[in-house]
Chemist: 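There's a structure below that I have some questions on.
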Amino acid sequence: MKTAVVLIAALAVAVPAFGQVPRFRGPVRIESGGTPIDLGYYTAPVMFDWNDDGKKDMVVGQFSYGQIAYFENVGEDSAPVFASYEYLHADSQIIQLPYG
Ligand SMILES: [Ca+2]
């Protein structure tokens, strides 16, 4: 039986002062095009402005195939929207890192 993990994020409700324990809201599913994102298990998402448009995008490393998916944020940083994704390329080839 294949176990798939959908990207889930827990959002901090407040930035803790030094020495305080952070508090988090419950998890939410991250969607792309209205569908929960599922890139297999042990994915590694990171948020940063990949395309330099001032909004944080999401880049996700995969464990299953060693590929890296890029989700452009077409919303805002306060309410990100990911319409679709593409795998990152180098020299017209999908980047595939050692995996497993
Ligand atoms: Ca961006």
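Every number for a ligand or one of its atoms is a count from 1 in the order of the listing.
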Chemist: Measure from the Ca ion (ligand 1) to each N, O or S atom of Asp49 and report whether any distance is below 3.0 Å.
Modeler: yes
Chemist: Which of the N/O/S atoms in Asp53 sits closest to the Ca ion (ligand 1)?
Modeler: OD1
Chemist: With the Ca ion (ligand 1) at the apex, how many degrees lie between O of Lys55 and OD2 of Asp57, rounded to 10 degrees?
Modeler: 100°
Chemist: Aromatic rings Trp50 and Tyr70: how do their planes relate, parallel, tilted or perpendicular, breaks at 30° and 60°?
Modeler: tilted
Chemist: Does Gln62 reach the main-chain N or O of Thr43 with its side chain, forming a donor-acceptor pair under 3.5 Å?
Modeler: no
Chemist: Taking 3.0 Å as the cut-off, does an N/O/S atom of Asn73 lie below it from the Ca ion (ligand 1)?
Modeler: no
Chemist: Would you say OH of Tyr85 has more than 12 non-hydrogen atoms from neighbouring residues, nucleotides or ligands within 6.0 angstrom?
Modeler: no
Chemist: Is the CD atom of Glu76 crowded by more than 12 outside heavy atoms at less than 6.0 Å?
Modeler: no
